[in-house]
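Below, all heavy atoms of this structure are taken into account, side chains as well, without hydrogens, waters or symmetry copies. If you read the sequence from its start, that first residue is 1, and numbering goes on from there.
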Amino acid sequence: MTTTTVTGAVEVPVDYWTRARKTGAVLTAMGLIAILVFGTLASSSVVRFTFGVTGEGAGININGKVGAILFGFIALATGAILLLLGRHFGVLTGVSFAAFLISSLCWQISVAPTGIQFMPVGSVAQITLDLSIPLIFGALGGVLCERSGVVNVAIEGQFLAGAFMAAFFGSIAGSVWLGLAAAMIGGLIIALILAVFAIRYLVDQVVIGIVLNVFAAGLTGFLYEQFMRTDSTSYNLAPRVPEWEIPGLSSIPIIGPALFKGNVFTYGAFVLVAVLYFGLFKTRWGLRTRAVGEHPTAADTVGVRVLGLRYVNVLGAGLIAGVGGAYFTLLATNSFNKNMSSGLGFIALAAMIFGRWHPIGAFLAALFFGFFNALTAYLGGISSPIPGQFLAMLPYIATIIAVAGLVGRVRAPAADGKPYLKGH
């Protein structure tokens, strides 16, 4: 009988071009573009970044050409560090990306018409939060649903149902709060259909989600033509939610107007993020929800009612997404129109994945998309040399880059999308 002794561990060759090095190479190239292109195109006019919502008050002044080149060098240097080290540093990636963006802003603002060569950072922050609201509610609804193992592709349909119900019943009753309650019921109805087909009848969750989106678009469009279009005064003139300003705090530079001059959607989003985070990670319900989403069989063996918990969470997600739908008709436009959510339900789904199925991550991802939406509106207002059609694509391009490039590998809950049958 012979024995074999292993004298050392086998070294696995590591590819030089790791994901971190590829990211560093891309950021280095972006830095070069900023220096050579933005630096060349920028003028020497003074660019002003003010802290408030107007061009007046405190701010930072910088020469446009100097700013474009300086921040280009910062983007280049941080990208080169990532390339040479071959290790991933989230802070350096963020600094490089932000420096590239500021370099681009220095160029575009410096060539804007005289009198509007400034950027009110406080106003951009306020618009960012406003435009992020439906995405926050939609993404949080997605987190609640998918943490318990049910894929929620139907967020777009829940948005449309919520928006229609809020406008219809809000107009009839003349009440914002009844409109908001009706919007929650609208989201709940779509979620109930999703839950029954996905949990009870084991229909493919992605397929039923897509079908529900089409169903909601068709049904709300039909009802719009039958009632709202013929008598918009009675059925499609929803009241607007009131705004509440917190004195003193709303005057804080940059973040004050965004955080402390809001409405029920703004403050409700903050509260919901905190409640959902605490509930998922600090309570027994959250532990059971995460167990059902990761390993339902194990959860069942310790007495957790897997299907019951999935029903409750999917319905709760519908209530949350319905509030997101009410944003369109009780705040943004005060009236309903066909397909008015314009695919934002799918962006909310991307924000949920970008945020790694975490309430705070989903919140930050929604702000990321909202920021680029606000930036698009601002650049259009200063007659940016970038074509308007490209500016309109900017939020979606940024989302694609973020989901595909910056977020890295993400792992969904292990049982996400998998039906559960007791005993199988």
Indicate yes or no for a side-chain donor-acceptor contact from [X] to the backbone of [Y] under 3.5 Å, with no hydrogens or angles considered.
| X | Y | answer |
| --- | --- | --- |
| Thr289 | Ser148 | no |
| Thr78 | Ala75 | yes |
| Tyr267 | Gly262 | yes |
| Ser96 | Thr93 | no |
| Thr329 | Ala163 | yes |
| Ser384 | Gly380 | no |
| Gln158 | Gly322 | no |
| Ser341 | Leu344 | no |
| Gln117 | Ser110 | yes |
| Lys65 | Ser43 | no |

> Do you know which two heavy atoms are closest between Pro419 and Gln205, and how far apart they sit?
Replying inline: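 Nearest heavy atoms, Pro419 then Gln205: N-NE2, 4.3 Å.
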
> Can you name the closest pair of heavy atoms from Leu330 and Asn334 and give their distance?
Replying inline: O-ND2, 3.8 Å

> Going by atom types alone, do Thr376 and Asn373 pair a side-chain donor with an acceptor below 3.5 Å?
Replying inline: no

Does the side chain of [Y] come within less than 4.5 Å of [X]'s, by heavy atoms?
| X | Y | result |
| --- | --- | --- |
| Leu27 | Phe100 | no |
| Asn313 | Val150 | no |
| Leu101 | Leu375 | yes |
| Val206 | Ile210 | yes |
| Val153 | Asn213 | yes |
| Leu129 | Thr266 | yes |

Return the [atom1] to [atom2] distance between [X] and [Y], rounded to the nearest 0.5 Å.
| X | Y | atom1 | atom2 | result |
| --- | --- | --- | --- | --- |
| Phe71 | Ser104 | CZ | OG | 12.5 Å |
| Ile185 | Leu192 | CD1 | CG | 12.5 Å |
| Thr28 | Leu82 | OG1 | CG | 7.5 Å |
| Leu272 | Leu140 | CG | CG | 5.0 Å |
| Leu194 | Tyr311 | CG | OH | 10.0 Å |
| Leu85 | Leu92 | CG | CG | 8.0 Å |

Kindly say whether the aromatic ring centers of [X] and [Y] come within a distance under 6.0 Å.
| X | Y | answer |
| --- | --- | --- |
| Tyr327 | Phe137 | no |
| His358 | Phe363 | no |
| Phe164 | Tyr224 | no |
| Phe372 | Tyr396 | no |

> Hey, is CZ on Phe73 packed in by over 12 heavy atoms from elsewhere, all under 6.0 Å?
Replying inline: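 Check fails, neighbour count at 12 or below.
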
> Would the number of heavy atoms belonging to other residues, nucleotides or ligands and lying under 6.0 Å from CZ of Phe197 be above 12?
Replying inline: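 No, because the 6.0 Å sphere around CZ of Phe197 holds 12 heavy atoms or fewer from other groups.
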
>> Can you tell me which residue among Thr54, Thr128, Val53, Ile254 is in a side-chain contact (heavy atoms from CB on, under 4.5 Å) with Ser123?
In response: Val53

>> Going by side-chain contact (heavy atoms from CB on, under 4.5 Å), Trp357 matches just one of Glu146, Arg290, Arg411. Which one?
In response: Glu146

>> Ring-plane angle category for Trp107 and Phe38, please: parallel below 30°, perpendicular beyond 60°, tilted otherwise.
In response: parallel

